[in-house]
There are 2 protein chains.
Amino acid sequence: MSELRIVPLGGLGEVGKNMMCIEYGRDIIVIDVGIMFPEFDMLGIDYILPDWGYLRDKKDLVRAVLITHGHEDHIGGLSHFLEEFSVPVYATRLTRGLIEVKLRQASLLSDTTLHTYAPGDVITIGPFTIEPFHVCHSIPDAVGLGITTPAGLVVHSGDFKFDHTPVDGWPTDYAKLAEFSGRGVMVLLSDSTYSERPGTTLSEATLNQAFDSVMREAPGRVIVATFASLISRIQQVVDVAAQHDRKIAIAGRTMAENTKMASKLGYLHIPEGQLMSLDEIEKLPDRRIVIMATGTQGEPTAVLSRLAVGQHRSLSIKQGDTVVLSSHTIPGNEEMTHRVINRLIQKGANVFYDPLAPVHVSGHASQEEQKLLINLLQPQYFVPIHGELRHLKQHGRLAEELGISREDIAVVENGHILTFDDQMEILDRVPGGYVFVDGISVGETGPAVMREREGLAQSGFVVVILRYSRSSGKPVGHPVIVTRGFVFLPESEELMAQAEDVILAAATVRAGMSSKDIEEEVQSALFGFFRRETKRRPIVIPTVIEV
Amino acid sequence: MSELRIVPLGGLGEVGKNMMCIEYGRDIIVIDVGIMFPEFDMLGIDYILPDWGYLRDKKDLVRAVLITHGHEDHIGGLSHFLEEFSVPVYATRLTRGLIEVKLRQASLLSDTTLHTYAPGDVITIGPFTIEPFHVCHSIPDAVGLGITTPAGLVVHSGDFKFDHTPVDGWPTDYAKLAEFSGRGVMVLLSDSTYSERPGTTLSEATLNQAFDSVMREAPGRVIVATFASLISRIQQVVDVAAQHDRKIAIAGRTMAENTKMASKLGYLHIPEGQLMSLDEIEKLPDRRIVIMATGTQGEPTAVLSRLAVGQHRSLSIKQGDTVVLSSHTIPGNEEMTHRVINRLIQKGANVFYDPLAPVHVSGHASQEEQKLLINLLQPQYFVPIHGELRHLKQHGRLAEELGISREDIAVVENGHILTFDDQMEILDRVPGGYVFVDGISVGETGPAVMREREGLAQSGFVVVILRYSRSSGKPVGHPVIVTRGFVFLPESEELMAQAEDVILAAATVRAGMSSKDIEEEVQSALFGFFRRETKRRPIVIPTVIEV
């Protein structure tokens, strides 16, 4: 096979976000191995892995994993992947630091070959020449990838935005993009996350003004909540706080660890004496205090939610506090986030959040930036990635507006194979989908278990234990009823007494009936009784014990 | 008691949205009796009623219910309320039509006194003189209320927007508002839903252009989805479709019934021959077809979701179809709505939705309109209602900007009593909260049952049935294990075999132990075993039967 193949993997949600494969002949490189978070109806699921079944038959061909940046949806699946595929991993310095923490937890660090790469490097892996280039995103040290293949030059944008004034002073690498363009780009794979958003994403620099005015006007403590990995935001809060003679403390383990690691590696600059512990900072006057925390999505165990419900170990919200949610709400988390905001207000805090105040900017390119990337690179083919189908479709429309013809744009879902020989072709979808991780099990929890959990979540269950004499065809003694999540038992004595009558009547059919037949009779009668009486549909399971 | 009391009731979410009481001496009037819809963690709950416990002690004082408009969150709780309080209900013509359908279903229609009121009417109930006035909203025939009380004039905005070019040609009644202002308004209760949104809500008229361009460019059928009660939207689609020589069919029972009723009452004007049945319309060429449907929130049983998954009885999406979601997504429904959009695209439809295309406007006033109402009425006191605490807080800030002093603004939650004598005072909250409706039970499902459902949704349950001889202190025979929602049984044979060993070991303790003690031993051992082995926490319930 002397064609180039590009395959976005994972069957759920955003296409190619968590994993992409680039394949030529007998060599495959993998870009990112991330995780997805469960949607509202994926009950009890901890997280979701892409399905790399496509690679299992080609295990010997996989040469390396290249990581674009250190967010969970790009590195979170590595430890699972490396248990199956013993290949080297390439990442930038900060990203490598984040990966090392993960691999150490999974006891895989010593068995894994980690390479540090950096913008400007040129790495050859089999038929591929890889050139990482710097992009701005909501975590430092993010890269896109130029990949020269025998079929032509592939450019993968990673997650990116164009920011002329990023906090770390390092804009997306226009010169490198122009250089790729000069060489001729065969295919561009580009981030579609914000393709529904017109205009240009605001620069991180615009936040300084908002933070400045918040800290100036706040009569007391300022609590800034953001994502634990948003190092540039931590830097901005540190800088503005210093200008207002406020000290900083970090509440929350992950954010504290990230701060420590990013400082050590030189990605975060905190002036001597500016950072204090929570205990120390509480001794200062309120007007000199800034506390940074996580929990902008309303996660019940994060600092902000604990503050909102008054259950933090050492902190509590008081009249005069100012709380800033420097974040956007991830779709699906709106109700939780709004509850937290309402409760903080209830406790007397003044709360700033998007859209009430300009306290957050995104790390993703809006439409004008997406167009800029396409026009900079002038690719022959265009493949929108990193987004749901609706985002890709819209990104494809933008590319069409710029003059790329419709047949040179591939809007595909995860699992579709794109081949590039003389021209781009879209092959059928490879079998597979996504893989649920539930506790320690990977992939065992599927639609059957999910349906049971859904039923239980709606109306609970009723297990009936009935002793039965086959010879007499009659129940023996009283049935035992075990139920949870169905009705409030202290108020349901009469219902349960009637249920007992229904069970006994259904079980008294004729001598010689098998336990199984009796169970069916009881199931049907009891389920019908409950449905009529309560208009609910609990899962009813009779167990007949022959005596 | 010679003071005026205003009490927003219901303990969840939006303040005063579902129910407000106005009380003076020995007379109470109630404004709206609506329902709320459950949030993400209210498992198995059908809907939620306001808690009218405050009124139970004052049953004889309640004189009437006044309805502002026909949306579920304003009329959906009436049938429950009227079972307890036999009082007359006042509503405008269309609203009355919608209420009659509900009361007929609840067999309450013949026992209820319904009065039709209209803008311009003056109704006296005890010490209250009520003057309904027309407001624009996303359903026709909506009103706000001017209520003259012995303490002063109260104005309740209802749900409103200022629209200079509404579809029915009937703008919000500026003249009446100015007249109220001339008389002197003591307190304004005003809709806060969109207080986070700057500027002015767009007029319904702006949609004509969007619909016009969609219908012109659509190569085939056009399917417009919107809320079943959005009569003005149906009117617009009917009008624009006629201009493009397209016929209309309605898919979905509620929307079809609303269309029929609104036409009969004169709120919807459909030209002769323009409306067809689904069967008829399918015989026309695709370019002459418009289908209206419900399901913009991704509700699994609504028409749009059925089309998205290919499970509608008679319709199916094909290449060339154009689908318009003329709606906003209610917070909490984002994932479901996005799934529907993605699936429609997957089936080949061209999908228009907000923010991609201007195909929806809201029925609620934005900040500039909220300010206009305040400035028109110049109230002495201001009480933001209809919104979560964060919306009220922001609405209060707007009022402050307009010069109302902070102590004359009451940002309160449901259950707080506001009294107006010489001045406004905020009393303590009355006991009570909200009331869950689960099947036919009202209020029985509470936190205990909810917690059980939450646990079951996460990891399912395991019921163990164990026969046991107290005399020997030993289990008899094999235990029976009944489980759902925990693990996928066909792949868990070994786990279950080990679980049996754990049960038997835990149950073999010493002779004479009671069933209850054995159950505790088994529960603790088995739960620990499952947690270690699976990292899940199912609800484990052993039942010991002594033999």
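Numbers restart at 1 for each chain; the letters A, B, ... are given by sequence-line order, proteins then strands.
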Discussion item. As an exercise, state the distance from NE2 of B:His338 to CD of A:Glu388, rounded to the nearest 0.5 Å.
Written reply: 6.5 Å
Worksheet item: Should A:Leu356 and B:Arg397 count as side-chain neighbours, where that means a heavy-atom distance under 4.5 Å?
Response: yes
Worksheet item: Where does B:Ile440 contact chain A at under 4.5 Å (heavy atoms): side chain, backbone, both or neither?
Response: both
Practice prompt. Sort B:Met336 into side chain, backbone, both or neither according to what part of it lies under 4.5 angstrom from a heavy atom of chain A.
Written response: both
Worksheet item: Can you tell if the side chain of B:Thr445 reaches within under 4.5 Å of the side chain of A:Phe488, non-hydrogen atoms only?
Response: no
Worksheet item: What part of B:Glu454 is in contact with chain A, defined as an atom under 4.5 angstrom from a non-hydrogen atom: side chain, backbone, both or neither?
Response: neither
Worksheet, complete the sentence: Whatever's closer than 4.5 Å to a heavy atom in chain B on A:Leu489 counts as neither
Discussion item. Out of A:Ile45, A:Val463, A:Val547, A:Asn333, return the one with the most heavy atom pairs under 4.5 angstrom to chain B.
Written reply: A:Val463
Worksheet item: Within a strict 4.5 Å, meaning less than it, do heavy atoms of the B:Thr483 and A:Glu452 side chains meet?
Response: no
Discussion item. Counting heavy-atom pairs closer than 4.5 Å to chain B, which one of A:Ile539, A:Val351, A:Ile545 comes out on top?
Written reply: A:Ile545
Item to complete: State, to 0.1 Å, how close B:Pro331 and A:Glu335 come at their nearest heavy-atom pair, and which atoms those are.
Response: O-OE2, 4.0 Å
Practice prompt. Return yes if some donor-acceptor pair links the side-chain N/O of B:Arg536 with the main-chain N/O of A:Asp438 below 3.5 Å, else return no.
Written response: yes
Worksheet item: Given side chains that start at C-beta, do those of B:Leu456 and A:Leu43 come closer than 4.5 Å, heavy atoms only?
Response: no
Practice prompt. Check each atom of B:Glu491 against the heavy atoms of chain A and say whether the ones under 4.5 Å are side chain, backbone, both or neither.
Written response: side chain
Worksheet item: So do B:Arg484 and A:Ile541 actually touch side chain to side chain, heavy atoms under 4.5 Å?
Response: yes
Worksheet item: Under 6.0 Å between the ring centres of A:Phe40 and B:Phe40?
Response: no
Discussion item. Quick one, A:Arg339 with B:Asp41, criterion side-chain contact (heavy atoms from CB on, under 4.5 Å). Give me CA distance, side-chain angles, the key distance, then yes/no.
Written reply: CA-CA 12 Å; A:Arg339 269 189 209 173; B:Asp41 53 358; 2.8 Å; yes
Item to complete: Search all heavy atoms of A:Glu444 against all heavy atoms of B:Ser492 and return the closest pair with its distance.
Response: OE2-OG, 4.5 Å
Fill in: NZ/NE/NH1/NH2 to OD/OE distance under 4.0 Å, B:Arg467 and A:Glu546
no
Practice prompt. Heavy-atom distances under 4.5 Å only: say whether B:Gln458 touches chain A with side chain, backbone, both or neither.
Written response: both
Fill in: Matching residue for A:Ile465 among B:Val482, B:Val480, B:Thr543 - test: side-chain contact (heavy atoms from CB on, under 4.5 Å)
B:Thr543
Fill in: Point-to-point distance, once rounded to the nearest 0.5 Å, from CZ of A:Arg343 to CZ of B:Arg390
13.5 Å
Item to complete: Answer with side chain, backbone, both or neither: which region of A:Glu196 has an atom nearer than 4.5 Å to a non-hydrogen atom of chain B?
Response: both
Worksheet entry | B:Arg453 side chain vs A:Gly460 backbone, donor-acceptor pair below 3.5 Å | no
Item to complete: Against chain A, label B:Val487 side chain, backbone, both or neither, depending on which of its atoms sit under 4.5 Å from a heavy atom there.
Response: both
Discussion item. Return the CD to NZ distance between B:Gln346 and A:Lys393, rounded to the nearest 0.5 Å.
Written reply: 11.5 Å
Worksheet entry | chain B interface, residue from A:Gly332, A:Gly485, A:Gly439 that has the most non-hydrogen pairs under 4.5 Å | A:Gly485
Discussion item. Taking side chain as everything from C-beta outward and backbone as N, CA, C, O, which of these in A:Asn350 sits under 4.5 Å from a heavy atom of chain B? Side chain, backbone, both or neither.
Written reply: side chain
Worksheet item: Going by heavy atoms in the side chains, are A:Val449 and B:Phe486 under 4.5 Å from each other?
Response: no
Item to complete: Give, as side chain, backbone, both or neither, the part of A:Val411 having an atom under 4.5 angstrom from any heavy atom of chain B.
Response: neither
Item to complete: Please look at B:Leu344 and chain A and tell me whether the side chain, the backbone, both or neither of the residue comes under 4.5 angstrom of a heavy atom of that chain.
Response: neither
